[in-house]
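I have placed the structure first, in the form of structure tokens, so that the comments after it can refer back to it.
All chains are named by letter (A, B, ...) in the order of the sequence lines, taking the proteins before the strands, and each is independently numbered beginning at 1.
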Amino acid sequence: MNIEKQLTEDIQSALNHLFQEEMEVTLQPTRKDFEGTYTFVVFPLVKKLRKNPVEIGNAIGEYLKENSSVVSGFNVVQGFLNISLQENTWNSLFNSLLEKKGDSDFDSNGSSVLVEFSSPNTNKPLHLGHLRNNFLGHSVSEILKANGYAVTKACLVNDRGIHICKSMIAYQLFGNDETPESASIKGDHLAGKYYVEFDKAYKEEIKSLMAKGQSEDEAKKNAPLMKQAQQMLQQWENGDEEVVTLWKKMNGWVYDGFNATYKKIGIDFDKTYYESDTYLLGKDIVEEGLEKGIFFKKEDNSVWIDLSEEGLDEKLVLRGDGTSVYITQDIGTTELKFKDFGTDKSVWVVGNEQDYHFQVLFAILKKLGRSYAEGCYHLSYGMVDLPSGKMKSREGTVVDADDLVSEMIATARETTEERGKIDDFSETEKDELFRTLALGALKYFLLKVEPKKRMLFNPAESIDFQGNTGPFIQYTHARIKSILRKAAADGLSVPEQIGDIKMAEIETDLVGLLAEYPNYIQKAANDYAPSVIANYCYDLAKTFNSFYAELSVMNESDSQLRDFRLALIEQVAATLKKGMRLLGIDVPERM
RNA sequence: GGUCCCGUAGCUCAGCUGGAUAGAGCAUCUGCCUUCUAAGCAGACGGUCGAACGUUCGAAUCGUUCCGGGAUCACCA
């Protein structure tokens, strides 16, 4: 049953009977300091009916009290009609939740979506910014699944290009055949080390060239290392055996490193694309666009599109020498993804520095008349900044993903052990718990903020385990499970339906929140915003903890009430678990 | 300079399809473990919702302008 829908209909019928009015009725939750559950604002009617708001409110209230099966009473404050619900309304609402047996996900909606995220460069290890991307991508995928979409998670690995060559050059020059094994460093970190080495040596070269009188721009172009890197890129594209062998070797190391990190943080993909396979795609579509007159050629043979009608500029889609630019590849890979999976929607989880790029890409796809253009969405998210400013890989001012996770696990261990609640756990169980808590704290920290907002991470202050955090919600779940274990030990089972009981306010609050869960799943999907789920889970956990402090489950002498509470808290635990699952966060049985 | 995003308590953030005295967490301070996990609960303190106009019965929420911060406007990706 749906109380809100019922009540809305009853109010509409009241308006019809009393004033011969038809209008859309929206309800809002009554403010805490007033009596009632739902509030109907009557101000909009005042002008139409030329009556004072209190009079209108009272008339509707009386009508509802007489004619609505869910309304028990009302009060009118100014223009606000506060409506109280019948006791048994709450009972039947809760019973209807129990009937669903915890299945609150939506049925398949027949629609499919491909979510591309993570998309790392193989020249450096993952950092905090990548974590935000990965967690967002994973969470949005889960949220879409819960809304009935068939979801494909894809990753496009940026495994070629000048930046990869930089690491390779530096390795050739300074590497001494070092390997991850010989250096005892994860492969992605080893590649990252040489990327930084390249930059250091390159800067030296620039400095000395400038000392010899070259301008900065000239020096940057003329530095021997840069020329070597460009030459290597040429060799790579020509399939030079030595270069390709080195490339394969180093990329192999990096993938081993990435896979270890992905495994640790619980990220996986249904499909991985490699840019080395796809970077030539898109040229044929440019050709098609030229034929259709959507693109045009300039004197130097370069190909452009004019997007001034869309409020954008002219954009190059193919260089004069016939080689691709970034957007060419993206046109090609979008087509490829559509050919491979034919999804109705396509989502890119990519930072907001590429907002313009995606505006252009989508505009081009529309002009090309691609059927999938309408379903394209750029999930743009803000940067994670440090107190010192932006993170920069080359300058080493990054918060490394592996390091951060390790630190979080250490903090989780410390925080947990000092409480001494899990002394009977085996070492394996402990390690599993610390990892669960550490990732819970980290993922929640990154997901609770609206994606498009940039956020600040202060390495000096470790991520909290108290207050509005992942572990707070995990703790709430563990607390409930503890009661349920106790109940089971006492031979009590959780009822499938509840009896005729009178709920306390804090209990109707919980029932109301539980009933609203599907609305939040929908909102989260509509907004592509895991933060909606995070805030909901926090709200639910917080309300449960108030309940916990106020009322007892196992010490309740009225067995009907106790059984209701068992069912209630079990629903809360299940909902927290499902909600956190959508964020990619596990909840422990004990902590 | 053009375009886009952000600006809410000391700090980090909710709220933004317009509604009653703007909510949390952290930090500071007060209470609460002889009863289901105190990673908790209850309370205090803390706000010109960046500013000004405008629309409205009513604006943190919508519009315009301005201020502050960020991104982008590459034949880089």
Side-chain angles (χ1 to χ4, degrees), chain A residues 26 28 30-34 39 41-44 46-47 53 77-80 82 119 121 158 160-163 275 279 298 300 302-304 311-313 315-321 323-330 350-357 359-360 380-383 385 389-390 412 415-416 418-419 421-422 437 441 445 448-450 452-458 461 464-476 478-487 490 531-532 534-535 538-539 541-542 544-556 565-566 569 590-591:
Chain A
T26 50
Q28 50 185 304
T30 303
R31 281 187 72 97
K32 274 282 167 232
D33 18 66
F34 296 97
T39 293
V41 183
V42 301
F43 283 113
V46 172
K47 228 181 201 172
V77 183
Q78 298 167 51
F80 299 91
N82 301 319
S119 305
N121 291 334
N158 192 328
R160 50 136 254 134
I162 190 78
H163 48 293
E275 210 188 288
Y279 79 106
K298 289 196 177 175
D300 65 350
S302 60
V303 183
W304 295 72
L312 306 164
D313 299 320
K315 178 80 188 173
L316 176 103
V317 293
L318 204 63
R319 292 192 186 101
D321 62 5
T323 56
S324 298
V325 289
Y326 181 41
I327 197 106
T328 325
Q329 293 176 43
D330 255 5
V350 177
N352 63 7
E353 74 266 8
Q354 294 195 31
D355 285 356
Y356 182 76
H357 170 75
Q359 276 186 36
V360 171
S380 164
Y381 63 91
M383 298 290 104
D385 289 325
K390 248 186 121 163
T415 320
T416 306
E418 77 189 12
R419 288 177 168 77
K421 294 176 184 174
I422 55 148
L437 296 179
F445 176 82
K448 75 172 174 183
V449 181
E450 218 182 315
K452 71 179 170 193
K453 290 193 176 173
R454 55 193 278 256
M455 58 188 300
L456 187 80
F457 174 78
N458 188 346
E461 302 164 10
D464 271 323
F465 282 65
Q466 282 169 21
N468 187 358
T469 66
F472 170 82
I473 297 165
Q474 291 171 319
Y475 170 72
T476 307
R479 251 183 156 183
I480 296 174
K481 286 296 178 164
S482 171
I483 302 175
L484 292 171
R485 276 193 302 273
K486 196 178 174 200
D490 289 1
S531 55
V532 169
N535 288 318
Y538 177 65
D539 205 10
K542 181 126 184 74
F544 169 81
N545 280 309
S546 297
F547 160 87
Y548 184 92
E550 201 177 304
L551 299 167
S552 177
V553 177
M554 295 307 290
N555 294 325
E556 174 55 52
R565 286 180 190 157
L566 280 173
I569 66 171
R590 283 179 60 192
M591 65 186 273

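If you check every strand for non-hydrogen atoms under 4.0 Å, A:P53 touches nothing. Residue contacts shown for A:Y538 are limited to sugar-phosphate atoms, with no base heavy atom under 4.0 Å away. Within the nucleic acid shown, A:N458 has no heavy atom closer than 4.0 Å to any nucleic acid atom. A:D330 comes within contact range of no nucleotide atom at all, as no heavy-atom separation falls under 4.0 Å. Within 4.0 Å (heavy atoms only), A:L456 reaches sugar-phosphate atoms of the nucleic acid but no base atom. Contacts of A:S546 with the nucleic acid, taken as non-hydrogen atoms under 4.0 Å apart, involve only primed sugar atoms and P, OP1 or OP2. Looking at heavy-atom distances under 4.0 Å, A:K421 makes contact with a base. Nucleic acid contact class of A:E275 (heavy atoms, under 4.0 Å, all strands): sugar-phosphate only. Residue A:I327 is out of contact with every strand shown, counting any heavy-atom pair closer than 4.0 Å. Across all strands, A:F472 comes closer than 4.0 Å only to sugar-phosphate atoms, never to a base (heavy-atom distances). Using a 4.0 Å heavy-atom distance criterion, A:V46 is classed as making no nucleic acid contact. At a threshold of 4.0 angstrom between heavy atoms, the contacts of A:V325 are confined to the sugar-phosphate backbone, with no base atom among them. Residue contacts shown for A:F465 include a base, since a base heavy atom lies under 4.0 Å away. Nucleic acid contact class of A:R31 (heavy atoms, under 4.0 Å, all strands): base.
B:G7 and B:C16 have their P atoms separated by 13 Å, with the value rounded to a whole Å. Using atom C1' as the reference point in both B:A52 and B:U30, the two lie 42 Å apart (nearest Å). Between B:C11 and B:C49, the distance separating the two P atoms is 15 Å to the nearest Å. With both ends at atom C1', the span from B:A9 to B:A24 equals 11 Å, rounded to whole Å. Only the C1' atoms considered, B:G46 is 13 Å distant from B:C26, to the nearest whole Å. Between the C1' atoms of B:G15 and B:G54, the separation comes to 24 Å (whole Å). Spacing between B:C73 and B:G19 at atom P, rounded to whole Å, works out to 38 Å. The separation of B:U17 from B:G69, taken at their C1' atoms, amounts to 28 Å, rounded to a whole angstrom.
The line from OH of A:Y548 to OG1 of A:T476 is 10.5 Å long, rounded to the nearest 0.5 Å. Distance check: A:I569 CD1 to A:F547 CZ gives 6.5 Å after rounding to the nearest 0.5 Å.
At a threshold of 4.5 Å between non-hydrogen side-chain atoms, the residues A:K390 and A:D385 count as touching. Side-chain atoms of A:T469 and A:Y475, non-hydrogen and from C-beta on, never get closer than 4.5 Å to each other. Inter-residue side-chain proximity for A:F34 and A:T39 is flagged as unmet; no heavy-atom pair is nearer than 4.5 Å.
Classification of A:R31 and A:D33 as a salt-bridged pair holds, one side-chain N sitting under 4.0 Å from a carboxylate O.
On the nucleic acid side, RNA chain B has its first and last nucleotide under 4.0 Å of a heavy atom of chain A at B:C5 to B:A77, going 5' to 3'.
Two residues, A:F547 and A:L312, neighbour RNA chain B, and the one matched to the more 5' nucleotide by heavy-atom proximity is A:L312. Map A:F43 and A:T416 each onto its nearest nucleotide of RNA chain B; the residue landing nearer the 5' end is A:F43.
Under the Watson-Crick or G-U wobble criterion, with both distances below 3.5 Å, B:G43 is paired with B:C29. Across all strands shown, B:C62 is found opposite B:G54 as a Watson-Crick or G-U wobble partner, with both distances under 3.5 Å. Shown here, B:U12 forms a base pair with B:A24; the pair counts as Watson-Crick or G-U wobble because both key distances fall under 3.5 Å. B:C49 is unpaired under the criterion used here, namely a Watson-Crick or G-U wobble arrangement in which both key atom distances are under 3.5 Å. Pair assignment for B:G68: B:C6, on the basis of Watson-Crick or G-U wobble contacts that are both within less than 3.5 Å. Here B:G1 sits opposite B:C73 as a Watson-Crick or G-U wobble pair (both hydrogen-bonding atom distances under 3.5 Å). Base pairing of B:A38 is not made with any nucleotide, judged by Watson-Crick or G-U wobble geometry with both donor-acceptor distances under 3.5 Å.
The aromatic rings of A:Y326 and A:H357 sit parallel, their planes meeting at an angle under 30°, below the 60° perpendicular limit.
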Which is it for A:F445 and A:D464 under the side-chain contact (heavy atoms from CB on, under 4.5 Å) test, yes or no, and what are the steps along the way? CA-CA 8 Å; A:F445 176 82; A:D464 271 323; over 6 Å; no
Quick one, A:R454 with A:N352, criterion side-chain hydrogen bond (donor to acceptor under 3.5 Å, both in side chains). Give me CA distance, side-chain angles, the key distance, then yes/no. CA-CA 9 Å; A:R454 55 193 278 256; A:N352 63 7; over 6 Å; no
Given the rule in the side-chain contact (heavy atoms from CB on, under 4.5 Å) test, do A:K452 and A:S380 qualify, once you have shown the distances and angles that lead to the verdict? CA-CA 6 Å; A:K452 71 179 170 193; A:S380 164; 5.5 Å; no
